[in-house]
Amino acid sequence: MTSLHHTLTILGATGSIGVSTLDVVARYPERFSVYALTGASQIDKLFEQSLQFKPRYAVVLDDLAAESLRARLHAAGSQTEVRCGEAALIEVSTAPEVTAVMAAIVGAAGMPPTLAAARAGKRVLLANKETLVLAGQLFMDAVNASGAELLPIDSEHNAIFQVLPRAHREHPYAQTLQDVGVRRILLTASGGPFRTRPIETFDAITPAEAVKHPKWSMGRKISVDSASLMNKGLEVIEARWLFNARLDEISVVVHPQSIVHSMVEYTDGSVLAQLGEPDMRTPIAYGLAYPERVDAGVRALDLFAAGRLDFEAPDYDRFPCLRLAFDALRAGGAAPAVLNAANEIAVAAFLDGKLPFNGIPVLIEAVLADCVTDCRAETLADLLAADTLARECATRRLT
Ligand code: NDP
Ligand code: MG
């Protein structure tokens, strides 16, 4: 369904993508209204956002947070109702009034409400790539069955979406990439903060160094993923599902300037790219307004200031996480779900000072070897069980 006006639920409103989404929404009060905002730990921020955007619902994770937010909103004269828990996240993602859902919770926790929005046939603005890593087949089946409109927000996938033929981007499972004259998807990667750091110093990398991305300002988990290149690995899996691509139709290209956000190579030799400032408001505004275009508040790209664009091949020895993700996609079944869960535990342990940066791929590889063969991947319950098992296995190895 395409409509000029959208009533939105923003899952993960208090995060980096959530805040950028609300920045775009605030520019177009006649186009967008907010039905629900959700958060987890940042209750002050959710309170402020609720006063400003006046959603019907604000959703948090637990009773305690709900009580305190409810009292504060009530005292401030707000009409916003407070709900809590996963069932509430699903309710606000499927309510009949809602036309579009921004899926911007971080990690596997974002999957259930995102899948529910797809099943309910909403416009799904997909930032939460972990949904496709964990449950790619199920999610795409749900989109195809319900007629949900899937708009990628991840900047690379948004770029690819923009330069694919319209028939393929809107109905990627109606034909193959080859059928529409596409030879390859060229997924760009900045290379992260450690692209040129001497590899023998990797064990001394601190969380502060890892979350300081040279080009993008993002949440902590995805920043660490960008530093290990696991983010690119997750994005390869994401691209496989979004665009109905085979693994050999996806290539990773390191491009440190982060100006070319990705490219599509056609059989006639043409390569189409989308370029822009590294600012998530561009893909967010594209997804919100699709198929129209609106001013996202992003400054114009200054090619003369950029000066040059460099491209290089990825270094799999330096960044084993990228290879692990390719291997997991090739293995199929529950391997990507296990990879994702092990990575979440590894990144949290690294941020906590309990695992060196180098230890991230080591832990993931060990968890894959330990538990993939015990996991099934037919149903949602199977995948959630694989996710739980991998987390337990990773946690056990850490202690
Ligand atoms: P942030 O960490 O900044 O925000 C995460 C959001 O999810 C916050 O609103 C947080 O609430 C909420 N949240 C955290 N844990 C839970 C949970 N268990 N249940 C429900 N809600 C939870 O992340 P980003 O905004 O950077 O990323 C969000 C998603 O978008 C990720 O999947 C990421 O990979 C993807 N993405 C992000 C990009 C970026 O530029 N930031 C680019 C491309 C993709 P609170 O803060 O209140 O605790
Ligand atoms: Mg990205």
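As the structure lists them, so they are numbered: ligands from 1, and atoms in each ligand from 1.
Proximity of the aromatic rings of Y290 and F161 is defined here by a centroid distance below 6.0 angstrom, and this criterion is met.
Sorted by first then second residue, the side-chain hydrogen bond (donor to acceptor under 3.5 Å, both in side chains) pairs that include residues 311-329, not counting sequence neighbours, are R195-E312, D327-R330.
E392 pairs by the side chain to side chain donor-acceptor pair (under 3.5 Å) definition with nothing, not counting sequence neighbours. Every side chain to side chain contact (heavy atoms under 4.5 Å, CB included) that L272 has, sequence neighbours left out, goes to V163, Y266.
Vertex the Mg ion (ligand 2), arms ending at OE2 of E235 and OD1 of D154: the angle is 90° after rounding to 10 degrees.
If you look at ligand 1, the protein residues with a non-hydrogen atom under 4.0 Å away are G12, A13, T14, G15, S16, I17, G39, A40, S41, Q42, L61, A104, I105, V106, A109, A127, N128, K129, E130, D154, M218, G219, I222, M280.
Between the side chains of Y286 and E292, no donor-acceptor pair is found at a separation under 3.5 Å. Between the side chains of T131 and N128, a donor-acceptor pair is found at a separation under 3.5 Å.
The aromatic rings of F243 and H157 lie parallel to each other, their planes meeting at an angle below 30°, with 60° marking the opposite boundary.
Atom OE1 is the N, O or S atom of E156 at the shortest distance from the Mg ion (ligand 2).
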